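Just so you know, these numbers come straight off a predicted model, no measurement behind them. The basis for the numbers below is simple: all heavy atoms, side chains too, and nothing from hydrogens, waters or symmetry mates.
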Amino acid sequence: MSTLTNRKPRLLTGDTPTGRLHLGHWVGSIENRVRMQDDYDCYFLIANIQAFTTRMDRPGEVHQNVMEVMLDYLAAGIDPERSTIFIQSEIPAIAELTIFFSMLVPYARVMRNPTIKDEIRDKGLGDTYPFGFMMYPISQAADILSFCADIVPVGEDQIPHLELTREVARRFNQLYCGVDSHAKDEDYIKLGGVFPIPEIMLGRTKRLVGIGPPNAEGNLVKMSKSLNNTIFLGDDPDTIKKKVMAMYTDPKRLKATDKGTVENNPLWIFHETFNSDKVWVAEATERYRAGTIGDVECKRKLIDVLVELIEPMRQRRLQYEQDLHYVKTLLKDGTSKANVTAQETLMAAKEKMHQRYF
């Protein structure tokens, strides 16, 4: 934990604005963010520069999605009085640290990142991805370290990026601050380092599956806007009902009296994840296996559960949508505060690098 000042431990995480947020974001990170606002100094980043790695030809869409994410943050319960929400491109220190950090990471190390490989494959980028796409993990390291974050709540697919961030922090502290390479992570600051080694915090569900069928290999795929298998945090009850009723279940179960398979069944993964009535879940699971309860009854129960979770968020979102000027003011104020923090970090880093000239 950082001991730079007598402050609360600092939390940073964020989202790339590729559209509205969904239940995968909720269980992966956002519910933790909402819960931890009182105990941590929270910074939440809207990573619009990173959106350009695959949407450089759609700047208007990125601009609109920044506001969509901001609205979802507010609707989900992120409180701008307790947390700082900001736009990545409006923090010059992040860009400068990205360049400095890129000197500390070999190209081959970036290419060993499995998340990079997966995204190239899943998005069908082939050899057409821009150089900026390869800079994404370095940029993310700068996002985190610009704010000297102690903890970063992320989804499972972001672990490789966070491990690289931790490597960058260690390398910088060793090279420029004289910290011994055998030092424990928790001791880097008291030994003179600039950057704490951030801890990774996973959500209670590492990777929420989507509501659609498996891929060609027979594996369930994670919830993703690009795959159209999502339930959004702003969906209305009718939309939730339609999506759940169309949810993929056990394809071998042709009628309610057939025995069903619970394993790798999105319907039951969602019940395990979101249904707080664990007695009902346990009893219904056994009945499903025995063929004494149908998909429709189980889906109706799930609809009730998800509407109870999402509807308060949707109502808050509708209220914020009525005053977008106020929402932009909150975002501007958060960005101004974030700029001060990041600039202080940059100056401390440049001091250690002997790159402060004036």
With the threshold set at 4.0 Å, does a side-chain nitrogen-carboxylate oxygen contact exist between K278 and E283?
no
Is there a path of hydrophobic side-chain contacts, each under 4.5 Å between heavy atoms, that joins V168 and Y107?
yes
Return yes if a side-chain donor-acceptor contact under 3.5 Å exists between N339 and S336, otherwise no.
no
For a quick check under 3.5 Å, do S226 and S224 share a side-chain donor-acceptor pair by atom type?
yes
Quick one: do K222 and E156 make a salt bridge, cutoff under 4.0 Å?
no
Going by atom types alone, do D250 and Y288 pair a side-chain donor with an acceptor below 3.5 Å?
no
Flag the pair R314 and D236 as a salt bridge only when some basic side-chain nitrogen lies within less than 4.0 angstrom of an acidic carboxylate oxygen.
no
Is E96 paired with K350 through a side-chain N to carboxylate O contact shorter than 4.0 Å?
yes
Determine the sole option in I303, L267, D295, N265 for which the side chain to side chain contact (heavy atoms under 4.5 Å, CB included) test with M247 is passed.
L267
Answer yes or no: is there a side-chain heavy-atom contact under 4.5 Å between L45 and I94?
yes
Test: D333 and K328 ion pair at under 4.0 Å:
no
Do L331 and I46 come close enough that some side-chain heavy atom pair is under 4.5 Å?
yes
Using 30° and 60° as the class limits, which term best fits the ring planes of H271 and W280: parallel, tilted or perpendicular?
tilted
Please walk me through it: do N173 and I197 pass side-chain contact (heavy atoms from CB on, under 4.5 Å)?
CA-CA 10 Å; N173 289 330; I197 314 305; 4.1 Å; yes
Under the criterion salt bridge (charged side-chain N to carboxylate O under 4.0 Å, His left out), I'd like the reasoning laid out for R253 against D258: C-alpha separation, chi angles, the key distance, then a yes or no.
CA-CA 6 Å; R253 196 172 197 239; D258 290 341; over 6 Å; no
Presence of salt bridge, E167 and R109, under 4.0 angstrom
yes
Got F52 and R58 here, is their nearest side-chain heavy-atom distance under 4.5 Å?
no
Looking only at side-chain N and O atoms, does S83 offer a donor or acceptor that is under 3.5 Å from a partner on Y43?
no
Evaluate the side-chain proximity of D150 to R10: yes if any heavy-atom separation is below 4.5 Å, no if none is.
yes
Are side-chain heavy atoms of L227 and V221 found at a separation under 4.5 Å?
yes
Decide, yes or no, whether a salt bridge links K184 with D187 under the criterion of side-chain N to carboxylate O below 4.0 Å.
no
Whether the Q315 and E311 side chains hold a donor-acceptor pair (N or O, under 3.5 Å, no angle test) is what I'd like checked.
yes
With distance as the sole criterion, is a donor-acceptor pair present between the side chains of T84 and K337 under 3.5 Å?
yes
Compare every heavy atom of I200 with every heavy atom of E163, then report the nearest pair and how far apart it is.
OE2-CD1, 3.7 Å
Result for ring pair (Phe, Tyr, Trp, His ring centres under 6.0 Å) between F147 and one of F44, F195, F86 points to F86
Let me know which of L302, V305, V307, D304 forms a side chain to side chain contact (heavy atoms under 4.5 Å, CB included) with V244.
L302
Distance from L220 atom CG to I269 atom CD1, nearest 0.5 Å?
5.5 Å
